[in-house]
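This report refers to the structure that appears directly beneath it.
No hydrogens, no waters, no symmetry mates; every other heavy atom, side chains included, goes into these values. Below, read A as the first sequence line, B as the second, and so on, with proteins coming before strands; counting in each chain starts at 1. Quick caveat, the model's predicted, so the values are computed rather than measured.
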2 protein chains.
Amino acid sequence: MAEVGYAHFSAREVAKRIGYSIGTIYNVFGSLDLLVVAVNSRTVGLWAATARARLNEAGANRIAALVEGYFDFAERNQNLWMAIYDHHMPEGETFSSDYVEQLGELIGIVETEIVGLLPQLGSGEAGTLTRSLLATVHGHCVFALNGTFALLGVHDPRHVALARVREALAAASGNVPP
Amino acid sequence: MAEVGYAHFSAREVAKRIGYSIGTIYNVFGSLDLLVVAVNSRTVGLWAATARARLNEAGANRIAALVEGYFDFAERNQNLWMAIYDHHMPEGETFSSDYVEQLGELIGIVETEIVGLLPQLGSGEAGTLTRSLLATVHGHCVFALNGTFALLGVHDPRHVALARVREALAAASGNVPP
DNA sequence: CCAAAGAATTGAACATTGTTCAATAAAATA
DNA sequence: TATTTTATTGAACAATGTTCAATTCTTTGG
């Protein structure tokens, strides 16, 4: 996946590279979809670990460290990261519990920082704000990677994304009765 | 594409449905990639037209109309809209000029509103802010459609996205020397 | 240590796909 | 009408996801 990307990811090629036959892949994972889900769950796990590492060596500005970490991870693991969003569950299927777990950990890391910064927030509000900030950074990251920003003359997506996050945090800290 | 989505979109099926042979498709479009690009360019064109229509029947809050229009278009044309982002140019290829043109129109519509709201902004700043707001809404829309928000208990993605946009606009109007 | 039961692995077989390209049909031109 | 240009075809090829009876390996019970 890291080498060829989602579009050219193939169960047969995986089998070849790990020295098993195509049949074994299907016995273990059940379908290409589920194999991709397994890969993506692992990627989210790596992502969470990277975020944690970034926070450990972060200075005073931990939010900036998270935003930078987001962009860095996506850029350095483009194919893996994009595969998370290129893949869609077949209609009616639900997220695998493994995936949900890894994603929960990643979001928990961010939420802890938000709560640390804005302890006045109720837990529901903090949760919604966390997911909204992740969505904000996600959007900027997508446009940075797929060339939409470059095409339109936005040269520093990270800086812009961080600005949006700061504004949202400032607004949240001001809007809450003390 | 609207029916089966990007993952199951097939040149052969297109040929069958329009009553031509597979060879003709390839003579006209050159490859599946370019056929998808043609479909996506058309989708962006529809999208721009929808946004314009929304503004025409909008009340005082034109920004809210744009955000609502964004979500509505994506939700009502899920497969078409997602295909825009599911498809990636093969390494080294550039955007088709048709696609760039349609996208430019869509962004122009939004930028006009931003400039109307914040005429103090320099044109470079207005451009960057426009793209950043689009990225913000895009991120919220992706999470709304792919189920990430629902999975995590965010129930009103539109409202949250609009809140982020409002905060960014408020910050921009305050930060610029009058 | 061996034989039988269980588990893991295989790869041929099938349906579909993207892609190519010589052959054919249709249209335009002289 | 004869010729050239353009458009269209679909068989052929390589590659893919998926299935499943046959095979190999492992474990177990005596």
Side-chain angles (χ1 to χ4, degrees), chain A residues 1-44 77-99 145-147, chain B residues 1-44 77-99 145-147:
Chain A
M1 183 74 86
E3 276 180 43
V4 303
Y6 179 77
H8 299 108
F9 181 72
S10 129
R12 286 187 128 96
E13 184 66 23
V14 169
K16 208 175 292 176
R17 296 206 190 183
I18 65 176
Y20 280 83
S21 84
I22 177 66
T24 298
I25 297 282
Y26 271 80
N27 288 337
V28 173
F29 292 99
S31 73
L32 182 66
D33 263 304
L34 294 173
L35 171 57
V36 171
V37 168
V39 171
N40 285 349
S41 298
R42 175 182 166 276
T43 301
V44 176
N77 309 278
Q78 270 203 50
N79 283 335
L80 287 179
W81 184 79
M82 295 181 79
I84 297 173
Y85 300 100
D86 284 343
H87 180 255
H88 309 303
M89 287 291 164
E91 191 76 28
E93 291 292 318
T94 166
F95 289 104
S96 89
S97 62
D98 195 23
Y99 180 84
L145 289 195
N146 76 7
Chain B
M1 184 74 86
E3 276 181 43
V4 303
Y6 178 77
H8 300 108
F9 182 72
S10 128
R12 286 186 130 98
E13 184 66 23
V14 169
K16 208 175 293 176
R17 295 205 190 183
I18 65 176
Y20 279 82
S21 84
I22 176 67
T24 299
I25 297 280
Y26 270 80
N27 288 337
V28 173
F29 292 98
S31 73
L32 181 67
D33 264 303
L34 294 173
L35 172 57
V36 172
V37 167
V39 171
N40 284 349
S41 298
R42 174 182 166 278
T43 301
V44 176
N77 308 278
Q78 270 203 51
N79 282 334
L80 288 179
W81 184 79
M82 294 181 79
I84 297 173
Y85 300 100
D86 284 343
H87 180 255
H88 311 302
M89 288 290 164
E91 191 77 27
E93 291 292 318
T94 165
F95 289 104
S96 89
S97 62
D98 196 25
Y99 180 83
L145 289 195
N146 75 7

To the nearest 0.5 Å, how far apart are CE in A:Met82 and CG in A:Leu145?
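A:Met82 CE to A:Leu145 CG: 6.0 Å, rounded to 0.5 Å.
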What is the distance from atom CG of A:Asp98 to atom CZ of A:Arg42, rounded to the nearest 0.5 Å?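 CZ of A:Arg42 is found 12.0 Å from CG of A:Asp98.
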task: Give the minimum heavy-atom separation between B:Tyr99 and B:Ile84, together with the two atoms involved.
output: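 Shortest heavy-atom contact: OH-CG2, 3.5 Å.
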Exercise. Taking all atoms of both residues into account, what is the closest heavy-atom pair of A:Val37 and A:His87, and its distance?
Worked result: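 Shortest heavy-atom contact: CG2-CE1, 3.7 Å.
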field: Span of DNA chain C in contact with chain A (heavy atoms, under 4.0 Å)
entry: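 Range of nucleotides touched by chain A: C:dT9 to C:dA13.
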Extract all donor-acceptor atom pairs below 3.5 Å that involve side chains of residues 19-30 of chain B and protein atoms in other chains or at least two apart in sequence.
{"residue": "B:Ser21", "atom": "OG", "partner": "B:Gly23", "partner atom": "N", "Å": "3.3"}

Show your working on side-chain contact (heavy atoms from CB on, under 4.5 Å) between A:Thr94 and A:Met89 and close with a plain yes or no. CA-CA 7 Å; A:Thr94 166; A:Met89 287 291 164; over 6 Å; no
For DNA chain C, which residues in residues 7-17 of chain B have a heavy atom at a distance below 4.0 Å?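 Per residue number, the list reads B:Phe9, B:Ser10, B:Ala11, B:Arg12.
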Below 4.0 angstrom, which residues in residues 23-42 of chain A have at least one non-hydrogen atom near DNA chain C?
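Contacts with DNA chain C under 4.0 Å: A:Gly23, A:Thr24, A:Asn27.
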Can you give the donor-acceptor pairs under 3.5 Å from side chains of residues 6-14 of chain B to other protein atoms, not counting sequence neighbours?
{"residue": "B:Ser10", "atom": "OG", "partner": "B:Arg12", "partner atom": "N", "Å": "3.3"}
{"residue": "B:Ser10", "atom": "OG", "partner": "B:Glu13", "partner atom": "N", "Å": "2.9"}
{"residue": "B:Glu13", "atom": "OE2", "partner": "B:Arg17", "partner atom": "NE", "Å": "3.1"}

Does the pair B:Asn77 and B:Thr43 meet the rule for a side-chain contact (heavy atoms from CB on, under 4.5 Å), with working shown?
CA-CA 9 Å; B:Asn77 308 278; B:Thr43 301; 5.9 Å; no
Please report, rounded to the nearest Å, how far the C1' atom of D:dA12 is from the CD1 atom of B:Ile22.
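Those two atoms, CD1 and C1', are 14 Å apart.
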Is the side chain of A:Asn40 donor-acceptor paired with the backbone N or O of A:Ala83 at a distance under 3.5 Å, no angle test?
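Confirmed, A:Asn40 side chain pairs with A:Ala83 backbone.
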- Ignoring hydrogens and angles, tell me if any N or O in the side chain of A:Asp33 forms a donor-acceptor pair with the backbone of A:Pro90 under 3.5 Å.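 Not a single qualifying donor-acceptor pair exists.
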Requested in this report: State, with a plain yes or no, whether a side-chain heavy atom of B:Asn79 is found less than 4.5 Å away from one of B:Glu3.
Outcome: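 They are not in contact (no side-chain heavy atoms under 4.5 Å apart), so the answer is no.
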I'd like a table of atom pairs between the protein and nucleotides 24-26 of chain D - only N or O on both sides, under 3.5 Å - with the distance next to each one.
none

